[in-house]
Enquirer: 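Sharing a structure with you now.
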Amino acid sequence: MDKIDFANYRLLAQEVRRLKIRLDALEASIYSPTSQRYSLTPRGSSGGRTMDDVIASHANLEDFYRTKLAEKNAQLLAVEQAIDGLADPGERLVMRYRYIDGRSWRQICTTMQSRGYSERQVYRLHGYALEKLRER
């Protein structure tokens, strides 16, 4: 796992949120019927979608969203587990602050200085963590 995998964590998390919203909207459209519109204008029966077509298309879309959601969640889990697998608590903390919380380097250094780390140590911890995770 490399730096790009970690840098993409927050984008993946946003994608997961958007997929959940789409899935919820899709389910809401399936389970909350819309009102019937009546018109005095005659309409032909050709070219219209049947209820079976609508249900099938909703089912396909729902399967697609659920599959994508599972894939993205697996990627998020891999990043979380990689960070959690680091033995050094300082390395874990820096990696979480940077990639999971999305903090700036200035924020990370300020927080870590209150825990006794210098700015140089913070950058060094980050480099060590990336090196260890790249080797896995």
Side-chain angles (χ1 to χ4, degrees):
M1 192 165 278
D2 61 6
K3 187 175 180 176
I4 293 171
D5 295 320
F6 295 105
N8 287 334
Y9 180 90
R10 293 181 56 77
L11 294 174
L12 281 171
Q14 287 175 353
E15 254 186 285
V16 165
R17 284 191 293 275
R18 282 194 296 267
L19 281 169
K20 285 180 181 178
I21 289 169
R22 285 188 199 132
L23 192 56
D24 289 345
L26 182 65
E27 288 175 351
S29 73
I30 292 171
Y31 297 116
S32 60
T34 57
S35 62
Q36 188 76 22
R37 293 185 186 188
Y38 294 101
S39 171
L40 298 176
T41 309
R43 296 178 189 249
S45 61
S46 64
R49 291 177 60 183
T50 66
M51 186 56 105
D52 289 338
D53 293 339
V54 172
I55 291 171
S57 107
H58 270 73
N60 289 338
L61 199 52
E62 185 176 0
D63 288 344
F64 175 77
Y65 286 158
R66 288 194 187 283
T67 302
K68 281 294 185 192
L69 194 56
E71 290 171 6
K72 301 301 177 192
N73 278 326
Q75 291 172 336
L76 290 176
L77 181 61
V79 170
E80 292 272 355
Q81 288 175 334
I83 292 172
D84 198 47
L86 291 168
D88 186 287
E91 291 174 0
R92 281 195 310 266
L93 201 54
V94 169
M95 294 297 284
R96 284 190 189 286
Y97 284 156
R98 181 69 181 159
Y99 298 108
I100 296 184
D101 296 345
R103 292 186 184 188
S104 69
W105 283 113
R106 182 172 301 276
Q107 291 170 326
I108 294 169
C109 290
T110 301
T111 303
M112 295 293 284
Q113 283 173 350
S114 68
R115 297 173 186 262
Y117 292 95
S118 71
E119 184 174 337
R120 189 169 181 88
Q121 284 176 308
V122 170
Y123 290 117
R124 205 175 289 140
L125 284 172
H126 178 257
Y128 291 155
L130 284 177
E131 191 174 314
K132 288 176 186 175
L133 292 169
R134 203 174 299 123
E135 292 172 358
R136 290 184 188 176

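Heavy atoms only: backbone and side chains are in, while hydrogens, waters and symmetry mates are out. Sequential numbering from 1 along the given sequence is applied to the chain's residues.
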Enquirer: What I want to find out is whether Arg96 reaches Glu80 closely enough, with some N-O distance under 4.0 Å, to be called a salt bridge.
Expert: yes
Enquirer: Is Ile100 reachable from Trp105 through a run of hydrophobic residues whose side-chain heavy atoms are each under 4.5 Å from the next?
Expert: no
Enquirer: Does Arg103 reach the main-chain N or O of Thr111 with its side chain, forming a donor-acceptor pair under 3.5 Å?
Expert: no
Enquirer: Under a 4.5 Å cut-off applied to non-hydrogen side-chain atoms, are Lys3 and Tyr99 in contact?
Expert: yes
Enquirer: For the CZ atom of Arg98 and the CD atom of Gln107, what is their distance to the nearest 0.5 Å?
Expert: 9.5 Å
Enquirer: Are Asp88 and Tyr128 close enough that some pair of their side-chain heavy atoms sits under 4.5 Å apart?
Expert: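 No, their side chains stay 4.5 Å or more apart.
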Enquirer: Do Arg124 and Glu91 pass the salt bridge (Lys or Arg N to Asp or Glu O under 4.0 Å) test, and can you show the C-alpha distance, the side-chain angles, and the key distance before you say yes or no?
Expert: CA-CA 9 Å; Arg124 205 175 289 140; Glu91 291 174 0; over 6 Å; no
Enquirer: Would you give the length of the straight line joining atom CG of Leu69 to atom NZ of Lys72, rounded to the nearest 0.5 angstrom?
Expert: 10.0 Å
Enquirer: Count I, L, V, M, F, W, Y as connected when their side-chain heavy atoms are under 4.5 Å apart, and connections chain through other members. Are Phe64 and Val16 then in the same cluster?
Expert: yes
Enquirer: For the atom pair CE (Met112) and OH (Tyr97), what is the distance rounded to the nearest 0.5 Å?
Expert: 7.0 Å
Enquirer: With the side chain counted from C-beta on, respond yes when Leu133 and Met95 share a heavy-atom pair under 4.5 Å apart, and no when they do not.
Expert: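 Leu133 reaches Met95 side chain to side chain.
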Enquirer: Strictly below 4.0 Å, N to O, side chains only: are Glu71 and Lys68 in salt-bridge contact?
Expert: yes
Enquirer: Would you call Glu15 and Leu11 a side-chain contact if the rule is heavy atoms closer than 4.5 Å?
Expert: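 No - every pair of side-chain heavy atoms lies 4.5 Å or more apart.
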Enquirer: Give the C-alpha distance, both sets of side-chain angles, the deciding distance and a yes or no for side-chain contact (heavy atoms from CB on, under 4.5 Å) between Gln113 and Val122.
Expert: CA-CA 9 Å; Gln113 283 173 350; Val122 170; 6.0 Å; no
Enquirer: Measure the spacing between CD of Glu62 and OG1 of Thr67 and express it to the nearest 0.5 Å.
Expert: 10.5 Å
Enquirer: Do other residues, nucleotides or ligands put more than 12 heavy atoms under 6.0 Å from Ile4 CD1?
Expert: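 Counting other residues, nucleotides and ligands, CD1 of Ile4 stays at 12 neighbours or fewer.
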Enquirer: When you measure from the side chain of Arg10 to the backbone of Asp101, do you find a donor-acceptor pair of N or O atoms at a distance under 3.5 Å?
Expert: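 Yes, Arg10 side chain to Asp101 backbone: donor-acceptor pair under 3.5 Å.
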Enquirer: How long is the span from the SG atom in Cys109 to the CZ atom in Arg120, to the nearest 0.5 Å?
Expert: 12.0 Å
Enquirer: Would a 4.5 Å heavy-atom cut-off, applied to side chains only, mark Arg134 and Met1 as touching?
Expert: no
Enquirer: Please report the closest heavy-atom contact between Ala129 and Leu86, naming both atoms and the distance.
Expert: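 The pair with the smallest heavy-atom distance is CB-CD1, 3.9 Å.
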Enquirer: Output yes when a side-chain donor or acceptor of Asp63 lies under 3.5 Å from a complementary backbone atom of Asn60, and no otherwise.
Expert: no
Enquirer: For the atom pair CG (Leu12) and CZ (Phe6), what is the distance rounded to the nearest 0.5 Å?
Expert: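 Answer rounded to 0.5 Å: 12.0 Å.
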Enquirer: Side chains of Gln75 and Asn8, heavy atoms from C-beta outward: is any pair under 4.5 Å?
Expert: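 No. Closest side-chain heavy atoms not under 4.5 Å.
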Enquirer: Could you see if Ile83 belongs to whatever hydrophobic cluster contains Val94? Use Ile, Leu, Val, Met, Phe, Trp, Tyr and a side-chain cutoff under 4.5 Å.
Expert: no
